[in-house]
Structure formats: C-alpha cells, structure tokens
Number of protein chains: 2
Amino acid sequence: MNAATGTKSVTADEVIEVAGRIVDTHGADALTMRRLADELGAAVTSIYWHVGNRDELVDALVDRLIADMGTLRARGATPRERIASLARAMRRQLLERPQLVALAHERARTPAMFQPVQDAIARELAVMGLPGDETALALRALQMHVITSVLLIRSIDRFGAQEPVDAVEVFEFTLAAMLDALEARARTA
Amino acid sequence: MNAATGTKSVTADEVIEVAGRIVDTHGADALTMRRLADELGAAVTSIYWHVGNRDELVDALVDRLIADMGTLRARGATPRERIASLARAMRRQLLERPQLVALAHERARTPAMFQPVQDAIARELAVMGLPGDETALALRALQMHVITSVLLIRSIDRFGAQEPVDAVEVFEFTLAAMLDALEARARTA
DNA sequence: ACCTGAACACCGTTCAAGT
DNA sequence: ACCTGAACACCGTTCAAGT
C-alpha cells in the first residue's frame, strides 16, 4: 500500500494473473493497459515498471500457459489407442483456454505447447513400427489437427452445412483417418 | 477532381481496391483509415461517406474475395482423384490471398468461400458411394483441412520438429488419409 | 451528392518527477 | 525500488460546415 496516494502496491505476478483473467473471459482485444490498470487499482504506468510493455506482458502470459500444461499420460493398450488418448487429452487441455492458445499460436509458441506430448507420441509411433524418417511428418500432421480443432472451435459449427455437425465428431473422424494411415504405413514397412 | 481543394474524387470501388492492396501486402492491421485516406489522396472522412465504417469496408473486401473465387473444375477419372483435385485447387486459390482469407474466416464467411466446391465435392462423394447421412461430416472435415492449411501456413514450418517438414507434404498426408477413410466407408456401406 | 477539418474517446508508450 | 500524471503519437468515428 502506498500511504501517500492510497493506491495498492502491485506485483508482477498479480499483473499477469489479472491480465490472464481478462484474456480468458473477454478475449485478447479486451486486454488494454488502461483496463488492466483499472482492475488492478493502480496507475497505467506502474504496469510498465513490473512487466515491461504489452508485448512482454502477453509473452509472460503465454509462458505461464506453457508452464501450466501438466505432463499428460497416455492411456490404452495399443499404440493407436495411446496416441489417440494423448491427442484427446491435449485437445481437452487447450480447450480450457482457447484465447490464450490463439495468442500462443500467433507468437509461434505452438511447438513449446506440444513439447510434453511430442516425445510421448514419437515413442508410440516407434512402437507402432512407423519408419523413423516418417515420424516428423506424422507428428506435424497430428499437431496441426489438434491445434486446428482448438483454434477453429468457434467456426466449425456454422461451417455452412445444411445440418450442423458436432466438432468432436469432425475431430474424431480425421484423427481416426490419420491413425489408420499411420498403421498402414507401419504394416507395409 | 475537386476544383476548390485540389484533391481527387474517390469512388467506393477505388476505396475497396486500395484497401485490398494494403491488406494483401501489409496485413489487416496495416489497414487504418488514415493510411487508406493517404494512399487515396483524400480526407479520412470521405471514406466514411463511400463505404461506411472500417467494419463495413472489411465486409466489402471479403464479399469481393468470395465473388472473385471462380468456379473450380474437378480433374481426374475417379471420385477420389476429383475430390483431391478440388481440395488442391481451393487451397491454391486461397493461398494467393491468405490475409483476406483470415479476415473472411474471422467473420464466419468460410462457408461462403467454400460454396463453389461444396456442391462439386458432395456430388463426387455420392458417386464414390458414401452414405448420404455421412456427407455433411465429410464435407466439414475436408473444409477444415483446406482452411487450416491456409490459415496455419506461416507456422507450420517452425512447428517445433527437429527436421523441417514441407507444408504441402503435411497437407497431402492428411488429405490422403481422409480419402482412404471415405473410400473404406463407401465400400462397407 | 460529395468532401472537408475539428473534435471526441479511445489506444500504447515515454519520461521527468515524486516518495 | 516503486508509483505517478502529463504528454505524445497513434487509432476509429461523428458532425457541422462547406461546395
């Protein structure tokens, strides 16, 4: 507390937390320095002292998202089922904070977000018998599919069809198709 | 030409065209009313008279993109090859103006963009023998795949793998996997 | 019908000044 | 070390005033 002005003292962690709440509930555009200052009960300029400028603040937000991503565990007996379970778990986790995921994606931090599952999936692909030189492609395709289903979650329902299609159904259809293809590749190799 | 002020007269078409060039070459964020006015050689406020506000201007830009999308023709002998050719043609066309595609997507106009190919692909799916009640899902999945490959084009290369993977390769892998799955569904039905 | 500048309410950011 | 208000250069938009 600042005795002279009557305004609260603020920490960097506090700034980041409130900023994260604004992004989660009102979207990235709603994160303005003035609104943030208001909700913190501090002057706009004090934010700059703690976290640098808006760009660095968003970077800190993304860093925290990545750090918060707990290590996901594979479930199932076969490599196919274990890969599917990892993809679903990742998707579920990312869907809790889609706004922040979009921010992370814009800043090319998607790789970092996928790091926890990346190695686990690669291991399952090896068990499955996929040739080593096809692992990179498979990982990329799977990651694309997961991130897509999170980033495009809002639009998929109104994707211009006569009947509405469930987002999960689309996700599962393509995931199954990819796993079929990977198993086929492993079999012929 | 306005004789009194020496500034050029401007038409709505002109505004939209210059705005489109700014978006294509410098991105959507670069499209500010003041910059647009500068490049047009007119006052900021005259833009409002011709195209309404920024929001309506972007809508007009998207409308024009959709209108410009020529009807794409399928190539190949089999339904599978014809669907693949439509997906590739669509992708190629959208890749010419990725910034505008992103704008159209944000505004939920993706369905309209896909309208030209939507019907053509549905026809091929019917020839292939896919049950009618699975057509909507297949269309949605294919559209998701095409739009993804355009929207995520910038990030795919740095997607955090050891070796870089070609974007076209990822696109073709998943496309082939989906077509395999659809053919299998058609066969068992 | 068309174009204009002035004005308003927003942005992010810098900086000198406080304690 | 931490917080502040004033000021600057940007935004989009409105409006009364011109021709």
Side-chain angles (χ1 to χ4, degrees), chain A residues 1-63 99-100 102-104 106-107, chain B residues 1-63 99-100 102-104 106-107:
Chain A
M1 172 70 92
N2 187 320
T5 60
T7 57
K8 258 197 318 199
S9 284
V10 178
T11 65
D13 275 351
E14 230 176 315
V15 173
I16 294 171
E17 195 196 304
V18 173
R21 213 177 49 224
I22 294 176
V23 169
D24 285 342
T25 55
H26 299 101
D29 286 347
L31 180 62
T32 71
M33 302 306 263
R34 283 172 173 83
R35 172 174 190 159
L36 183 53
D38 266 7
E39 299 205 7
L40 284 164
V44 184
T45 42
S46 69
I47 298 171
Y48 285 81
W49 197 91
H50 286 292
V51 297
N53 56 23
R54 189 180 186 279
D55 207 57
E56 295 175 74
L57 172 58
V58 173
D59 275 344
L61 240 38
V62 171
D63 282 340
Q99 312 271 11
L100 216 45
L103 239 28
E106 277 172 29
R107 287 163 189 255
Chain B
M1 171 72 90
N2 186 320
T5 61
T7 58
K8 260 196 315 203
S9 283
V10 177
T11 65
D13 275 350
E14 230 176 315
V15 173
I16 294 169
E17 194 196 306
V18 173
R21 212 176 51 223
I22 293 177
V23 170
D24 285 342
T25 56
H26 298 100
D29 286 347
L31 180 65
T32 70
M33 304 305 264
R34 283 170 173 84
R35 172 174 189 160
L36 182 54
D38 266 7
E39 298 204 9
L40 284 165
V44 185
T45 42
S46 67
I47 298 172
Y48 285 81
W49 197 92
H50 286 292
V51 297
N53 58 20
R54 189 180 185 280
D55 207 56
E56 295 176 73
L57 171 59
V58 172
D59 276 343
L61 241 37
V62 170
D63 282 340
Q99 312 272 11
L100 216 46
L103 239 29
E106 278 171 28
R107 287 162 187 257

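In what follows, chains carry the letters A, B, and so on, assigned in the order in which the sequence lines appear, proteins first and then strands, with residues in each chain numbered from 1.
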Side-chain contact check for B:Val44: nearest option of D:dT13, C:dT13, D:dT4 is D:dT13
Nearest-Å distance, CE (A:Met33) to C1' (D:dC10)? 16 Å
C:dC3 OP1/OP2 closer than 4.0 Å to side-chain N/O of B:Ser9: yes
Out of D:dC3, C:dC3, D:dT13, whichever nucleotide has its closest atom nearest the side chain of B:Trp49: C:dC3
May I have the step-by-step check of salt bridge (charged side-chain N to carboxylate O under 4.0 Å, His left out) for A:Arg107 and A:Asp55, ending in yes or no? CA-CA 10 Å; A:Arg107 287 163 189 255; A:Asp55 207 57; 3.1 Å; yes
Counting side-chain heavy atoms from C-beta on, which of C:dT13, C:dC3, D:dG12 comes nearest to B:Ser46? C:dC3
Any side-chain heavy-atom pair from A:Val10 and A:Val18 closer than 4.5 angstrom? no
Could you please name the option among C:dG12, C:dT4, D:dC3 that lies closest to any side-chain atom of B:Ala43? C:dT4
DNA chain C nearest-nucleotide lookup for B:Thr11 and B:Arg34: closer to the 5′ end is B:Thr11
With both distances kept under 3.5 Å, what pairs with D:dT13, Watson-Crick or G-U wobble? C:dA7
Check every atom of C:dT4, D:dT4, C:dG12 against the side chain of A:Tyr48 and return the nucleotide holding the closest atom. C:dG12
Once you apply a heavy-atom cut-off of 4.0 Å, does B:Ile47 come out as touching a base, just sugar-phosphate, or nothing? nothing
B:Asn53 side-chain N/O to D:dT13 phosphate OP1/OP2 under 4.0 Å: yes
Whole Å only: how far is the CG atom of A:Leu36 from the C1' atom of C:dC11? 14 Å
With a non-hydrogen cut-off below 4.0 angstrom, is A:Leu57 in contact with a base, only sugar-phosphate, or nothing? nothing
CZ (A:Arg54) and CG (A:Leu31) are apart, to the nearest 0.5 Å, by 4.5 Å
Can you measure A:Glu56 atom CD to C:dG12 atom C1' for me and round it to whole angstrom units? 13 Å
Counting only side-chain nitrogens and oxygens, does B:His50 get under 4.0 Å of the OP1 or OP2 atom of C:dA1? no
Between C:dC11 atom P and B:Arg54 atom CZ, what is the distance in whole Å? 16 Å
Are OP1 or OP2 of C:dC11 and a side-chain N or O of A:Thr32 less than 4.0 angstrom apart? yes
At less than 4.0 Å, is any side-chain N or O atom of B:Thr45 found next to OP1 or OP2 of C:dC3? Yes or no. no
Validation row: B:Arg21, B:Asp24 side chains within 4.5 angstrom (heavy atoms): no
Any side-chain heavy atom of A:Val44 within less than 4.5 Å of one from A:Arg34? yes
For D:dA1, which nucleotide in any strand shown is its Watson-Crick or wobble partner with both distances under 3.5 Å? C:dT19
